[in-house]
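Below is one structure, written out as structure tokens; the observations come after it.
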There are 2 protein chains.
Amino acid sequence: MRRKNERLSLDGHSARPPAIAVTSDRAERALSQRGLQFTPLRRQILDMLIEAGRPLGAYDLLARQRERAGKPFAPTQIYRVLDVLQAAGLIHRLATQGTYVVCDHEHAAGETPVFLVCGACGSVAEAASTAVEQEVEAVAAASGFKPIHPVVEVEGRCAACRAGP
Amino acid sequence: MRRKNERLSLDGHSARPPAIAVTSDRAERALSQRGLQFTPLRRQILDMLIEAGRPLGAYDLLARQRERAGKPFAPTQIYRVLDVLQAAGLIHRLATQGTYVVCDHEHAAGETPVFLVCGACGSVAEAASTAVEQEVEAVAAASGFKPIHPVVEVEGRCAACRAGP
DNA sequence: ACGACGCACGTTATGTTATAACGTATCCAC
DNA sequence: GTGGATACGTTATAACATAACGTGCGTCGT
Ligand SMILES: [Zn+2]
Ligand SMILES: [Zn+2]
Ligand SMILES: [Zn+2]
Ligand SMILES: [Zn+2]
């Protein structure tokens, strides 16, 4: 049962900018749709994640923000910003690592994000798959379970690390 | 005796042998195949997870082991045991929760474990799906990524919680 | 004007999960 | 008997996350 409506928007290696650039406009819209604002602090945290081009931990962001602002910051503040950005669909949390990464995609309903995490170089690529979503749904349906938030993270080896040292 | 996981764990599409109980024999075999031993400490931790019938955190296990032994234990010791049991395929770590749960299945190659986590009652059912494995493989192949360890955890509502309060 | 409300941010403290680094003992192959 | 692998003990620290409470500010209904 091969589904042909698969969308595989894979955006290569994390060193490169995302295919769908996360712009101020996108963030602005995503937040204001929810009655929230794209404040300077939120912009700064999001910018850090964009610039890093890879997942960062909350305390990593905390340290960078302290440098950047020259002021003390508390973990709480970072986590609050991360919660908001995540709720707005601008970033994802990687459960296997406890890190946060910019979202590459405009997610349509019926698509599950799939994260390809290279165990060698640490790069993470985000894809979105309707087929994975459907198969997960099938597994859940078999036990009467209703999926709300599927998490799919795959540890493995990226193309670059398979090719050379 | 605590209520065991209900037999929700089906796999996607193919008939497969029913989930097996985790016995001492299974543990003994799984470990010795790797040149490791099923020591008293390892047995105790595994037993706790079996008796609990649900995922437990490392520090939860630590506290129980301290009670049980009347001796002080260090987190390191627990994590070492968990690492060994996980490597032997006897338990799984749930990344979304930071907890550990006994494995329900004899996993065949080509099957991805799928965890159905009820956000209402906290129950976790394990399933195994070849279809999910294949679709994840397809997504990975599109970017030259080689999957080694797929993680699939689905937050949602279990059959019981959908039925009534 | 005024109060009630929601959002955004600041601050202090604490809780939870996981690993580093080093030491001891045992067994077994060479 | 030396070296390697396994297993366990101990101390300390790192990394991730939340609780609880307070301030300021704009908006809205009255
Ligand atoms: Zn995304
Ligand atoms: Zn790589
Ligand atoms: Zn399993
Ligand atoms: Zn439930």
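Computation of the quantities below employed the complete heavy-atom set of this structure, encompassing side-chain atoms and omitting hydrogens, waters and symmetry-equivalent molecules. The sequence lines fix the lettering, A, B, ..., with proteins before strands; numbering per chain opens at 1. Quick caveat, the model's predicted, so the values are computed rather than measured.
One can place CD of B/Gln44 at 13 Å from C1' of D/dC8, the figure rounded to the nearest angstrom. Atom pair A/Asp83:CG and D/dA19:P shows a separation of 10 Å (rounding to whole Å applied). When rounded to the nearest whole Å, the span between CG of A/Leu61 and P of D/dA17 equals 11 Å. Here C/dT19 presents its P atom at 14 Å from CD1 of B/Ile78, a figure rounded to the nearest Å. What separates CG of A/Leu56 from C1' of D/dA15 is a distance of 14 Å, to the nearest Å. With rounding to whole Å, A/Tyr100 atom OH is found 9 Å from D/dC16 atom P. Atom CD of A/Gln97 is separated from atom P of D/dA14 by 21 Å (rounded to the nearest Å).
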### Query
Yes or no on side-chain hydrogen bond (donor to acceptor under 3.5 Å, both in side chains) for B/His149 and A/Glu153, after CA distance, side-chain angles and deciding distance?
CA-CA 9 Å; B/His149 180 59; A/Glu153 300 177 21; over 6 Å; no
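For B/Arg93, no side-chain nitrogen or oxygen approaches OP1 or OP2 of C/dT17 to under 4.0 Å. For the pair B/Tyr59 and D/dC16, the criterion of a side-chain N or O lying under 4.0 Å from OP1 or OP2 is not met.
Electrostatic pairing of B/Asp47 and B/Arg43 does not count as a salt bridge here, judged by no charged N lying under 4.0 Å from a carboxylate O.
Taking 3.5 Å as the limit, the base of C/dA20 and the side chain of B/Tyr79 contain no donor-acceptor pair of atoms between them.
Between B/His92 and B/Phe115, the distance from one ring center to the other falls under 6.0 angstrom.
For residues 74-87 of chain B, no pair satisfies side chain to side chain donor-acceptor pair (under 3.5 Å), with sequence neighbours left out.
A/Val114 and B/Val152 fall within a single hydrophobic cluster, where Ile, Leu, Val, Met, Phe, Trp and Tyr are joined by side-chain heavy atoms under 4.5 Å apart, directly or via other members.
Every residue two or more places apart in sequence or in another chain was checked for a ring pair (Phe, Tyr, Trp, His ring centres under 6.0 Å) with A/Phe145, and none qualifies.
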### Contact pattern, 5' to 3', of nucleotides 4-13 of chain C - B, S or - by protein heavy atom under 4.0 Å
----SBBBB-
